[in-house]
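Report on the following structure.
Here is the naming used below: chain letters follow the sequence lines, and residue numbers restart at 1 for every chain.
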Amino acid sequence: MSGGDRNRKKAPRAQGWEEAGAEFYQESYPSTDTDFDVLQRDPNQLTTLLPSKQTRAAATTIKRIRTTTDTKTFRRQTSSRSRRGSTTTRRASTTADVQVSMLPDLSENLSNEQRTWEEIMQIKALPISMAQKKEMKAKLQSEPNLRLQGFEQLKWKRRKIWKKFQTQIKESYSKLELWRNDLKKIEGNCGTGVVAYFLFIKWLLFLNFGIFTLVFLFVILPSIIFKDVAQCDDCCSSIYFNQTTDSNIVLDLVQGTGQMERTILFYGIYSNETFSYEINGTKLYYDLPLAYIAVTIVYFLLSLFAIVKSAAKGFKERLVEGEGQFYQYCNLIFGGWDFCIHNDKTANMKHKAIFNEIKGLLEIERREEERQNRTQQERTKLVIVRVFINIVVVAVLAASAAAIYFVFDYSTEKVKNFPKDSIFNSSIESLLYEFLPSLSIVFLNIIVPLIFSFLVDLEKYSPINVIRITLVRTVFLRLSSLFVLYASLYIKVSCDSENVSSCVSLDCTLCWESFVGQQIYKLVLTDFATHTLLTFFINFPRALIAKNCNNKVAKIIGAQDFELPKHVLDVIYSQTLCWLGCFYSPLLPAIATIICFLMFYIKKFSCLINSTPSVTIYRASRSNSMFMIVLLLSYVFAVIPIAYGIGELLPSESCGPFRALPSVWSYIVNVFSSSPTWLQSILFFIGTAGFAVPAFVVLTLLLYYYWAVNSANRHMVVVLKNQLVLEGHDKQFLLDRLSMFIKQQQESQKRLRHAEMMRDGERIVSSN
Amino acid sequence: MGQGKSQFSEEELQDYEDLTYFTKKEVLYAHQKFKSLAPEKVGHNKNAKLPMTKILQYPELGVNPFGDRICKVFSSSHDGDCTFEDFLDMMSVFSDAAPKAVKAEHAFRIFDFDGDDMLGTSDLRQVVNRLIGSNQLSEIEMQHLIQKILEEADLDDDGALSFAEFEHIIDKSSDFASAFRIRL
């Protein structure tokens, strides 16, 4: 080998340390002699010889070494493969994988099919060109390998088939993937933060679709199949079902009244019967009320589970990231550019955005100092301003809540006062009154956030806090308006609690559940209609104005950013409505699914056509966790009234699966008490102190244990970090010494050689 | 797989599937994209070498401030000219399926302008300059920024980021994997 030749040549000349050093390196890193030559020329390259560098250098130096011999190249490659493999797979791998990568030399002799295959699979992680990869693969395949025996063989075969199956699934899935091209386009124009929002819409779409499937399979389908025939003439339900209805079909469609009310869209139609039918003499039962309530509980749990799972993922990432805000600069520099951007204009915006962000970060630092230096007077002034503005915000919230309440009151009065018998000749007017509450809520949702965003400017928060605070306030606005709606509905529906005996009380609706369902249904439609109108008929002309006119006024009117928080709220709001309504209107998830689907296109339109790329950077991870937290909040807001409705309110006498029961929950209690005794006793036991106290203690202990482990780890991190710094300094020091030493050696050698030459010269001269 | 007039044999596709993070379908799709950069040249020779300027016509690479660096890192001849296999390698690393560690490895090489296996001050300076494009940071700000970056990431305090340190940051950064990605 060339290295060896050189060594032999060197041997007589080189002396002392250098030789020993060379041999040391030769032994432990068999092919570093080329590097060592480099080192001789330039001692500062010494760092590249460090073992820690070798693992990576191996990969990058392949090309340099390839010029020597083939066998050597392969040796190098395999060693580099094993080392790289160990870093790439260590985290996710099983112990077997680690062993494979830890024992590279053994595996060369003892390779079997499985191991070879695993190694081939690892090639793709190597930073080398395709030709080399192919070469490696061919080499690995041509190596003689042992066939696996017996069970191992079976296991291995199964794994291989499974793998193949997975790739096939993946392939067919990618064909089916929804909105693939749309997402790519959005990504190219707006970056990953905005795409996270569209993925969120997609996520909601699937969630709603899942809920719909559940409801459809277990509630709607059975009640379509087993149409109940037995209708008593004198019970309350007949009064409800025989109500005379004559009105406009279009109005019915948008209001959910009239004939629409008697469809599967609303709660009222569902039967309270246990269906039974016979197959070959065995009787089968389907308990629709139980299915109804059970499905409700299941889809609420499902939603909670889905949200928590996604939120936890984001939360974990944030925790890892946020061992402080330590890596904000690095994140910005190394992860700042979205490689998916493919549009010149967006690229320019991105340059600008990153520039702003850098400036911003440096600015924050300065501001931090400034804040510490703020005078007492300024500080008190700012505190007063903030307190004042918060009071204003609360006042605005209260005012809008009151407004919704009064409007609702007013409109229901008006609707009721319409003469029942006269045909609605003023049906447009009545429609207006019907929709007045929904319209006012939507109107407030548009106006009040503008006020908030104006107010928040006065408070001088840092940019991130501005987004958060406006978001929280807007969430409160939306949810509180919903709450008010619910409260006023509650007042309306809880009026007949005194006279349970009679089916119809004077000023109450016959089927309040359907009435609630109608309200939510209307709200959903209004909300969706507003988004459509706003996007296509207000914002789109604005964008056209901004694009085509060049004067300043037009720019001010027309220019719009894609403000992520606002759009997020739009979607989350309609999701909240879906949750709120789906108990009283089981088809609402289907409507929500469709709305999500259309919403995607509406938002895409407003993102790509109406808005210019935003100068604010939205981080994908951060925005995702933000979505989930807000969604969780609104989920809680939606669950509370539903749970109250199920647990406490008296169901209508005349309609729905729970007629003639004191509450919906009591049905569950009845079912429970008719269940087998062993199940009852188990559940009762879970409720007693004998179970609860030990469970509590165990949980506390576990919590303590994890806390202790966590704090120990944290301490360890600090210690290791310090040690790393020390090691680094040591390394630096030793390297300096070493390179100095080598330089001295070289110089003394040179001098020696010089002296030798001189002596030789003298000898020659003297011999002559 | 019934690909009609595919330019690839089944064997080649299998090779590509094993050696990249793509399925066969995606490999073919990638080839279409590659072909669209220079239809007649690639039509003649499926693995034709395209000059860097051609490769940079790929929209994502064209606007990317590190486009030329990416080409150079993935080019098998190290001058930025890419064959289809190089292109496939590139897309494979940028794909969704590629693990973070692989992405980090290549990102490191992209950012390592002088090729000394360390991200030194001059590398960082170039990275920042390319990121902010036509905008300008003052010298003081730049120094301040670089000092901040090193403060955060340079664990052993030697004034440059080694690969281990870089990988450490990338591990902690939840955005990197989603940002360092090009959809085919």
Side-chain angles (χ1 to χ4, degrees), chain A residues 48 52-53 56-57 60 87-88 120-121 123-125 127 129-131 133-134 137 167 170-171 174 183-184 187-188 192 317-318 320-321 326-327 329-331 333-344 346-348 351-352 354-355 358 362 619-621 721 724-725 727-729 731-732, chain B residues 15 17-21 23 25-26 59-60 62-66 76 78 85-86 88-89 92 94 99 101-102 105-107 109 111 117 124 127-128 131-135 137 141 144-145 148-149 152-153 155-158 162-164 166 169-170 172-176 178-183:
Chain A
T48 52
S52 62
K53 283 290 151 48
R56 279 200 74 255
T60 50
T87 52
T88 47
I120 288 176
M121 285 296 116
I123 296 176
K124 61 174 89 160
S129 74
M130 186 64 82
K133 283 186 194 171
K134 273 186 181 166
K137 188 189 166 197
T167 46
K170 211 179 97 191
E171 211 157 80
S174 67
L183 286 174
K184 184 176 154 67
E187 197 171 54
T192 49
E317 272 174 0
R318 290 292 298 282
V320 172
E321 199 182 319
F326 289 143
Y327 293 103
Y329 287 96
C330 288
N331 261 333
I333 299 302
F334 298 126
W337 188 264
D338 283 339
F339 281 64
C340 50
I341 288 178
H342 58 56
N343 175 319
D344 263 331
T346 317
N348 279 336
H351 280 306
K352 208 169 183 178
I354 289 178
F355 177 70
I358 290 173
L362 295 173
R619 298 274 168 71
S621 63
K721 252 183 195 161
L724 207 58
V725 173
E727 299 281 341
H729 285 299
K731 187 180 83 183
Q732 219 66 29
Chain B
D15 264 358
E17 186 180 81
D18 285 347
L19 299 177
T20 63
Y21 294 98
T23 60
K25 273 256 167 59
E26 286 168 322
E60 272 93 345
V63 298
N64 194 314
F66 305 104
S76 48
H78 308 289
E85 293 189 342
D86 297 335
L88 193 65
D89 260 339
S92 156
F94 280 113
V102 174
E105 167 79 46
H106 286 91
R109 279 151 43 118
F111 294 144
D117 225 11
L124 291 178
V127 170
V128 173
L131 272 179
I132 58 178
S134 54
N135 307 291
L137 279 178
E141 280 171 326
H144 195 65
L145 179 66
K148 282 282 166 198
I149 295 171
E152 280 177 3
L155 294 173
D156 62 5
D157 205 16
D158 59 355
S162 67
F163 177 67
F166 184 74
I169 307 162
I170 295 304
K172 296 268 167 93
S173 157
S174 45
D175 289 319
F176 175 78
S178 62
F180 197 76
R181 186 177 52 117
I182 297 177
R183 268 175 219 264

message: Does any backbone or side-chain atom of B:L137 lie under 4.5 Å from a heavy atom of chain A? Answer side chain, backbone, both or neither.
response: both
field: Partner chain A: residue of B:H144, B:H106, B:E141 with the largest heavy-atom pair count (under 4.5 Å)
entry: B:E141
statement: So, the part of B:Y21 with a heavy atom under 4.5 Å from chain A: the answer is both
message: Checking the side chain of B:E152 only, and the main-chain atoms of A:C330 only, is there a donor and an acceptor separated by less than 3.5 Å?
response: yes
- line: Heavy-atom nearest pair, B:E60 first then A:C340, reads CG-O, 3.4 Å
field: Side-chain heavy atoms of B:D117 within contact of B:F163, under 4.5 Å
entry: no
field: A:W337 versus B:A179, closest heavy-atom pair with distance
entry: O-CB, 3.6 Å
task: Heavy-atom distances under 4.5 Å only: say whether A:I333 touches chain B with side chain, backbone, both or neither.
output: both
statement: Ranked by heavy-atom pairs below 4.5 Å to chain A, first place among B:L124, B:V127, B:V128, B:D15 goes to B:D15
message: Looking at every non-hydrogen atom in both residues, tell me the closest pair between A:H342 and B:P59 and how far apart they are.
response: CB-CB, 3.5 Å
- line: chain A shares the most heavy-atom pairs under 4.5 Å, among B:D86, B:I170, B:L145, with B:L145
query: For B:F111, is it the side chain, the backbone, both, or neither that has a heavy atom closer than 4.5 Å to a heavy atom of chain A?
result: side chain
- prompt: Measuring heavy-atom distances to chain B, does A:L724 have an atom under 4.5 Å in its side chain, in its backbone, in both, or in neither?
  reply: both
task: Show your working on side chain to side chain contact (heavy atoms under 4.5 Å, CB included) between B:E85 and A:K134 and close with a plain yes or no.
output: CA-CA 11 Å; B:E85 293 189 342; A:K134 273 186 181 166; 2.7 Å; yes
statement: Here the pair of heavy atoms bringing B:D18 nearest to A:K137 is OD2-NZ, 3.1 Å
- request: Just give me the residue among B:L131, B:I169, B:I149 that pairs up with chain A most often, heavy atom to heavy atom, under 4.5 Å.
  value: B:L131
